[in-house]
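What follows is a structure written as structure tokens; I'll ask about it next.
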Amino acid sequence: MTLLNLGSFEDQLLIFGGSYGNLQATQALLQVSEKLGIPASHVICNGDCVAYCAQPEETVELIRSSGIKVLMGNCEQSLANGREDCGCGFETGSSCSVLAEDWYPYCAEQLSLDAKRWMGGLPEGLCFDIEGRRFQVVHGGLSAINRFIFASTSTEEKQMEMVLSDADVIIGGHAGLPFGERLGERYWLNSGVIGMPANDGTRDGWYLLLMPNEGKVHCEWHRLSYDARAAQSAMRKLDRFNGYAESLLSGIWPSMDILPDIERNQRGRRLTLESITIPIVNRA
Ligand SMILES: [Fe+2]
């Protein structure tokens with residue numbers, strides 16, 4: 001994994017992922033960071049800038065011009081390498097895989113060569129320190145870029161991933177559902193995604209704020225409300241990926257193939273997330 005060290009931070013950071021070519025959600029996210037006074041150097045996108053939504057090239061242009069830090073997701077990796085599929089790790093024949101046969105070629109056609117080259121140069125991991133704690137941002141897992149780690153993924157599986165990093169806190173994306181969990185003295189967080197709802201019956205995306213304060217790092221998840229109707233209308237004009245277009249307003253995913261039973265059973269139930277406070281440690 002190519003790991004880029006961003007150094008040490010003392011101010012708040014905003015982390016998000018999965019803009020998925022949803023230009024309206026991306027605009028809203030950048031407006032939130034501006035409103036909060038968080039500079040681009042403190043905003044991190046953990047990958048999958050493009051996927052299911054209508055405006056991949058415009059979304060990439062906006063993200064690039066904003067100057068925020070961006071990590072390679074499986075979508076960037078596949079598009080940069082000219083692969084024929086999204087590399088999400090969907091099983092052949094599953095409905096996710098069938099849906100990808102529609103949106104992935106669209107992204108590949110729409111994106112400029114320049115955007116694909118930029119994607120190919122992105123790091124696969126980012127690390128930084130806050131208050132003596134080492135954080136590492138990944139797309140899926142440590143062992144694979146397209147590893148799905150959910151809240152219900154077993155502690156053993158998460159720990160097997162964490163042995164591949166010396167970080168105290170891992171922040172992933174990819175799976176599309178935000179969560180935070182303490183595992184002994186370490187933590188696994190998922191920022192959530194902004195470009196699709198969290199399958200909870202609402203239109204909102206999610207992002208994560210890390211707020212250092214008096215020797216602790218407060219981790220707080222927030223809903224991103226945005227003009228989902230405009231994002232849907234851009235998709236409707238294409239008359240493609242209608243299942244995902246529907247999701248933007250219904251808040252329900254068109255397929256739950258990738259979800260474990262616990263997350264499937266939460267479909268349509270409004271998601272709530274407790275914040276987590278991580279105490280300072282002396283790594284010396
Ligand atoms: Fe992904």
Side-chain angles (χ1 to χ4, degrees), residues 1-2 15-22 25-26 29 44-53 56 59-60 63 68-92 94-108 111 115-116 118-126 136-151 153 157-158 161 170-179 188-199 205-208 224 241 243-244 247-248 253-260 263:
M1 177 182 289
T2 51
I15 304 183
F16 74 100
S19 42
Y20 299 150
N22 186 331
T26 310
L29 186 280
I44 296 173
C45 168
N46 62 24
D48 288 353
C49 296
V50 301
Y52 325 106
C53 298
T59 303
V60 167
I63 287 175
I68 65 170
K69 309 287 181 195
V70 186
L71 198 67
M72 182 187 282
N74 54 283
C75 292
E76 286 83 8
Q77 188 184 58
S78 294
L79 288 158
N81 291 320
R83 279 183 56 162
E84 286 183 4
D85 67 82
C86 61
C88 287
F90 301 145
E91 275 179 45
T92 311
S94 67
S95 47
C96 283
S97 154
V98 172
L99 288 162
E101 285 169 19
D102 198 9
W103 64 257
Y104 181 78
Y106 171 77
C107 282
L111 285 169
K116 289 177 190 167
W118 169 77
M119 289 176 169
L122 295 171
E124 293 162 320
L126 292 171
Q136 184 169 341
V137 187
V138 297
H139 180 65
L142 276 306
S143 62
I145 194 169
N146 63 357
R147 182 129 205 179
F148 290 112
I149 305 284
F150 294 98
T153 301
E157 209 177 319
K158 287 178 182 126
E161 288 287 308
I170 303 293
I171 304 174
H174 182 56
L177 299 177
F179 71 89
W188 192 292
L189 314 180
N190 187 307
S191 62
V193 296
I194 63 164
M196 273 287 143
N199 201 30
W206 287 83
Y207 61 91
L208 172 65
L224 177 75
F241 1 115
Y244 287 111
S247 296
L248 292 181
W253 291 0
S255 163
M256 296 200 293
D257 282 352
I258 61 161
L259 291 181
E263 280 77 7

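We count ligands from 1, going down the list as the structure has it; atoms in each ligand are counted the same way.
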Using the test side chain to side chain contact (heavy atoms under 4.5 Å, CB included), find all partners of Ser97 that sit at least two apart in sequence or belong to another chain.
-> Phe90, Ser94, Glu101
Is it true that atom NZ of Lys69 has more than 12 heavy atoms of other residues, nucleotides or ligands lying nearer than 6.0 Å?
-> no
For Glu76 and Cys49, indicate whether the former's side chain and the latter's backbone hold a donor-acceptor pair under 3.5 Å.
-> yes
Verify, without hydrogens or angle tests, whether Asn199 (side chain) and Trp253 (backbone) share a donor-acceptor contact under 3.5 angstrom.
-> yes
Short side-chain to backbone donor-acceptor contact, Ser19 and Gly195, under 3.5 Å = no
Can you list, by chain and residue number, the protein N, O or S atoms under 2.8 Å from the Fe ion (ligand 1)?
-> Asp48 OD2, Asn74 OD1, His139 NE2, His174 ND1
Check the angle between the aromatic planes of Tyr244 and Tyr52 and answer parallel, tilted or perpendicular using the 30° and 60° thresholds.
-> parallel
